[in-house]
Amino acid sequence: MDCIFCKIANKQMGALLHEDDQVVAFDDMTPQAPHHVLVIPKRHIATINDTTTADETLLGHMIAVAKNIAQQRSLDADGYRLVFNCNHQGGQAVYHIHLHFLAGRQMHWPPG
Ligand code: AMP
Ligand code: ZN
């Protein structure tokens, strides 16, 4: 399977900010905020629709890793945004699930 995020998770390309047994985190190559980090599972899962109850711990862990990045960078008090895009109307471009961590500027609502 030719998946760019599997290659990053397997350390075939790119630099990692975080790695543990379940997930990796790295800088988004087209940052939409001063801090834009992607947290992805090491295991290939195409969309949030493809997750099951067995993945609930993994999904919670992805959020915990993002929260820890915010704390490590002292961004937690000012705040940040966490986003999963799902399928085409959700704006998903890479079909390996990823949690966007965005911080360092004022976010707006509704999103575009
Ligand atoms: P999404 O639209 O939610 O699928 O977001 C995909 C994100 O992945 C975009 O923000 C891209 O900038 C980012 N991206 C795509 N390829 C790479 C890559 N090789 N390294 C880092 N970020 C990437
Ligand atoms: Zn993948």
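Indexing begins at 1, ligand by ligand and atom by atom, following the structure's order.
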(message) Looking at Gln12, I want to see if its CD is surrounded by more than 12 non-hydrogen atoms of other residues, nucleotides or ligands under 6.0 Å.
(response) yes

(message) Quick check: do Ile4 and Met29 have side-chain heavy atoms less than 4.5 Å from each other?
(response) no

(message) Closer than 4.0 Å to some heavy atom of Thr30 - which atoms of ligand 1 meet that?
(response) 12 (O)

(request) I would like to know whether Thr47 and Phe84 meet side chain to side chain contact (heavy atoms under 4.5 Å, CB included); could you show each step before the answer? (result) CA-CA 9 Å; Thr47 79; Phe84 281 106; over 6 Å; no

(message) Walk me through whether His100 and His98 qualify under ring pair (Phe, Tyr, Trp, His ring centres under 6.0 Å).
(response) CA-CA 6 Å; His100 292 263; His98 45 282; 5.1 Å; yes

(message) Within the 4.5 Å heavy-atom criterion, are Val65 and Asp20 side-chain neighbours or not?
(response) yes

(message) Counting non-hydrogen protein atoms only, what is the nearest one to atom 9 (C) of ligand 1? Give residue, atom name and distance.
(response) Asp28 OD2, 3.3 Å

(message) Do Ile63 and Val39 make a side-chain contact, defined as non-hydrogen atoms from C-beta onward lying under 4.5 Å apart?
(response) no

(request) Run the numbers for me: atoms of ligand 1, each under 4.0 Å from some heavy atom of Asp27, listed by number. (result) 21 (C)

(message) Only N/O/S atoms count here: what is the atom of His96 closest to the Zn ion (ligand 2) called?
(response) ND1

(message) Below the 3.5 angstrom mark, is there an N/O of Met13, backbone or side chain, next to an N/O of ligand 1?
(response) no

(request) Measuring from the Zn ion (ligand 2), name the closest N, O or S atom belonging to His44. (result) ND1

(message) Any heavy-atom pair between the side chains of Phe5 and His44 that's under 4.5 Å?
(response) no

(message) Quick check on contacts: which atoms of ligand 1 are under 4.0 angstrom from a heavy atom of Ile4?
(response) 19 (N)

(request) Mark the output for Phe84 as yes if a heavy-atom distance to ligand 1 is under 4.0 Å, and as no if none is. (result) no

(request) Would you mind telling me if ligand 1 is within reach of the side chain of Asn85, the backbone, both or neither, using heavy atoms under 4.0 Å? (result) side chain

(request) Run the contact test for Phe5 against ligand 1 with a 4.0 Å cut-off on heavy atoms, strictly below, and give the result. (result) yes

(message) Between ligand 1 and His100, is the shortest N or O to N or O distance under 3.5 Å?
(response) yes

(message) Is it the case that the side chains of Asn68 and His18 hold a donor-acceptor pair, with the cut-off being a distance below 3.5 Å and no angle test?
(response) no

(message) Among all the protein's non-hydrogen atoms, which is closest to atom 21 (C) of ligand 1, and how far away is it?
(response) Met29 N, 3.3 Å

(request) Could you grab the angle centred on the Zn ion (ligand 2), going from SG in Cys6 to SG in Cys3, to 10°? (result) 120°

(request) Check each atom of ligand 1 against the heavy atoms of Ala93 and keep those under 4.0 Å away; list them by number with element. (result) 1 (P), 2 (O), 4 (O)

(request) List the closest protein heavy-atom neighbour of atom 2 (O) of ligand 1: residue, atom name, distance to the nearest 0.1 Å. (result) Gly91 O, 2.7 Å

(request) Could you check if a side-chain atom of Tyr80 sits within less than 4.5 angstrom of a side-chain atom of Ile69, using non-hydrogen atoms only? (result) no

(request) For residues Asp27 and Val37, determine if any side-chain heavy atom of one lies less than 4.5 Å from a side-chain heavy atom of the other. (result) yes

(message) Looking only at protein heavy atoms, which one is nearest to atom 6 (C) of ligand 1, and what is the separation?
(response) His98 NE2, 3.5 Å

